[in-house]
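A quick write-up on the structure given underneath.
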There are 2 protein chains.
Amino acid sequence: MDIFLKTIGSINDETRIKILNFINQNGEVCVCDIESAFNMIQSRVSRHLKILKEGGFLKVERRGRWAFYSIRTPLDAFRQSILEEIACLGLELPIGESRCRR
Amino acid sequence: MDIFLKTIGSINDETRIKILNFINQNGEVCVCDIESAFNMIQSRVSRHLKILKEGGFLKVERRGRWAFYSIRTPLDAFRQSILEEIACLGLELPIGESRCRR
DNA sequence: CTTATATATCAAGATATATTGATATATAAG
DNA sequence: CTTATATATCAATATATCTTGATATATAAG
């Protein structure tokens, strides 16, 4: 129950739905990518990414100064179906020029 | 987005998850059935059922004094997958003796 | 018609969650 | 070593959600 609630709670927020969809469409992104793509302050982005990670949707890999977030693989069928449902919402994707070198 | 958030928000609550699973396993129930099965006061039950209905999971049919709630049919694949995920949580089902005549 | 029952809704208080600005940590650059 | 950059976390405030008790409505029973 706790894990299920954490998963559902992690997508019970418009900001996180948009961030999750952005990562699902763009692949690996760092915190600053989302910061600039969505024009949000760093602490806010960082917190939402943490919640999505704890919800089981994202993995993070540190390389140098950057933390790269991407969809966790393999992803179970339930979370996969959520990603698909979100992809079908027709959210506008902000154009994300990456500010960090990869 | 609004409909999706309403759907997700409707299951972002332990009480509603249990109620939804109870209805999914037992079929049609009235408000007082849940009241007694879960030992909750009437206004609380009524409110949670309304939220689950607005989340697209339940339909309601009034017969006499009673309001009978059941899983909406046909249910779309996404909400269906949520019900299945909840069914797999292994929640204990309270024994629901119906207090109302059917 | 009056009373009892089932449900819905509202207002107030309690609890949880989101946002912001400040600070901490770690890595890279000069 | 010192400074700048990227990220994480904390404390305070703002906002949303949940619970309860009171009240309203509708139907059935006496």
Side-chain angles (χ1 to χ4, degrees), chain A residues 1-2 4-20 22-23 28-55 57-70 96-102, chain B residues 1-2 4-20 22-23 28-55 57-70 96-102:
Chain A
M1 168 68 96
D2 284 358
F4 181 78
L5 259 175
K6 213 161 198 177
T7 301
I8 295 304
S10 75
I11 52 166
N12 188 38
D13 180 276
E14 185 163 351
T15 301
R16 286 196 292 274
I17 291 170
K18 287 176 179 168
I19 290 175
L20 184 56
F22 181 74
I23 298 176
E28 196 175 58
V29 299
C30 64
V31 178
C32 60
D33 288 341
I34 296 174
E35 233 177 299
S36 53
F38 289 92
N39 194 32
M40 296 199 295
I41 66 175
Q42 181 270 324
S43 67
R44 187 180 171 195
V45 174
S46 189
R47 186 175 182 278
H48 282 308
L49 287 170
K50 184 185 185 183
I51 292 171
L52 285 167
K53 180 166 167 284
E54 290 175 349
F57 288 98
L58 301 181
K59 65 178 161 67
V60 59
E61 188 193 330
R62 276 201 157 267
R63 290 202 299 274
R65 279 179 281 184
W66 294 280
F68 292 94
Y69 286 85
S70 54
E97 287 266 326
S98 185
R99 271 165 38 203
C100 61
R101 289 166 300 115
R102 311 253 176 123
Chain B
M1 169 67 95
D2 284 359
F4 181 79
L5 260 174
K6 212 161 198 178
T7 301
I8 296 302
S10 75
I11 51 166
N12 188 36
D13 180 276
E14 185 162 350
T15 302
R16 285 195 293 273
I17 291 170
K18 287 177 181 168
I19 290 176
L20 184 56
F22 181 74
I23 296 176
E28 195 177 58
V29 299
C30 63
V31 177
C32 61
D33 288 341
I34 296 174
E35 234 179 298
S36 53
F38 290 93
N39 194 33
M40 296 198 297
I41 65 174
Q42 182 270 323
S43 67
R44 188 181 172 193
V45 174
S46 188
R47 186 176 182 277
H48 283 308
L49 287 169
K50 184 186 185 183
I51 292 171
L52 286 168
K53 179 166 168 285
E54 288 174 351
F57 288 98
L58 301 182
K59 65 177 159 67
V60 61
E61 189 193 328
R62 275 200 159 269
R63 292 203 296 275
R65 280 179 281 186
W66 294 281
F68 292 94
Y69 285 86
S70 54
E97 287 267 325
S98 186
R99 270 166 38 204
C100 60
R101 290 167 301 116
R102 310 249 179 129

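Values below: all heavy atoms of this structure, side chains included; hydrogens, waters and symmetry mates excluded. In this text the structure is predicted, and so the values were computed from the model without any measurement.
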side-chain contact (heavy atoms from CB on, under 4.5 Å) assessment of I11(B) paired with N12(A): CA-CA 9 Å; I11(B) 51 166; N12(A) 188 38; over 6 Å; no
Side-chain donor or acceptor of R16(B) paired with backbone N/O of G9(B) under 3.5 Å: yes
Under 3.5 Å: donor-acceptor pair, side chain of N39(B), backbone of S36(B): no
Under 4.0 angstrom between Y69(B) side-chain N/O and dA8(C) OP1 or OP2: yes
Contact under 4.0 Å: K50(A) side-chain N or O vs dA8(D) OP1/OP2: no
Can you tell me the base-pairing partner of [N]? Count Watson-Crick or G-U wobble geometry only, both distances below 3.5 Å, and say none if there is no partner.
N       : value
dA29(C) : dT2(D)
dC10(D) : dG21(C)
dA16(D) : dT15(C)

side-chain contact (heavy atoms from CB on, under 4.5 Å) between F38(B) and K18(B), intermediate numbers included: CA-CA 9 Å; F38(B) 290 93; K18(B) 287 177 181 168; 3.8 Å; yes
Write out a two-atom table: protein N or O, nucleotide N or O from nucleotides 2-5 of chain D, distance below 3.5 Å.
unit_1, atom_1, unit_2, atom_2, d
dT5(D), O4', R65(A), NH1, 3.0

Between atom [atom1] in [X] and atom [atom2] in [N], what is the gap in whole Å?
X      : N       : atom1 : atom2 : answer
R62(A) : dT7(D)  : CZ    : P     : 7 Å
L49(A) : dT9(D)  : CG    : C1'   : 14 Å
M40(B) : dG21(D) : CE    : C1'   : 16 Å
I34(B) : dA8(C)  : CD1   : P     : 10 Å
E61(B) : dT27(D) : CD    : P     : 14 Å
E54(B) : dT17(D) : CD    : C1'   : 14 Å
E35(B) : dA8(C)  : CD    : C1'   : 12 Å

Electrostatic pair K59(A)-E61(A), nearest N-O below 4.0 angstrom: no
Quiz item: Q42(A) side-chain donor-acceptor pair to dA6(D) base, under 3.5 Å: no
Nearest heavy atoms of L58(B) and K53(B), plus distance in Å: O-CG, 3.6 Å
Heavy-atom pair with the smallest gap, counting every atom of A67(A) and V60(A): CB-CG2, 3.9 Å
F4(B) and I17(A): CA distance, side-chain angles, deciding distance, side-chain contact (heavy atoms from CB on, under 4.5 Å) verdict: CA-CA 10 Å; F4(B) 181 79; I17(A) 291 170; 3.7 Å; yes
NZ or CZ of R62(B) within 45° of F68(B) ring axis and under 6.0 Å: no
Can you tabulate the close N/O pairs, meaning under 3.5 Å, that link protein atoms to atoms of nucleotides 16-21 of chain C?
unit_1, atom_1, unit_2, atom_2, d
dA18(C), OP1, D13(A), OD2, 3.3
dA18(C), OP1, R16(A), NH1, 3.2
dA18(C), OP1, R16(A), NH2, 2.7
dT19(C), OP1, R44(A), NH2, 2.9
dT19(C), OP2, H48(A), NE2, 2.5
dG21(C), O6, S43(A), OG, 3.3

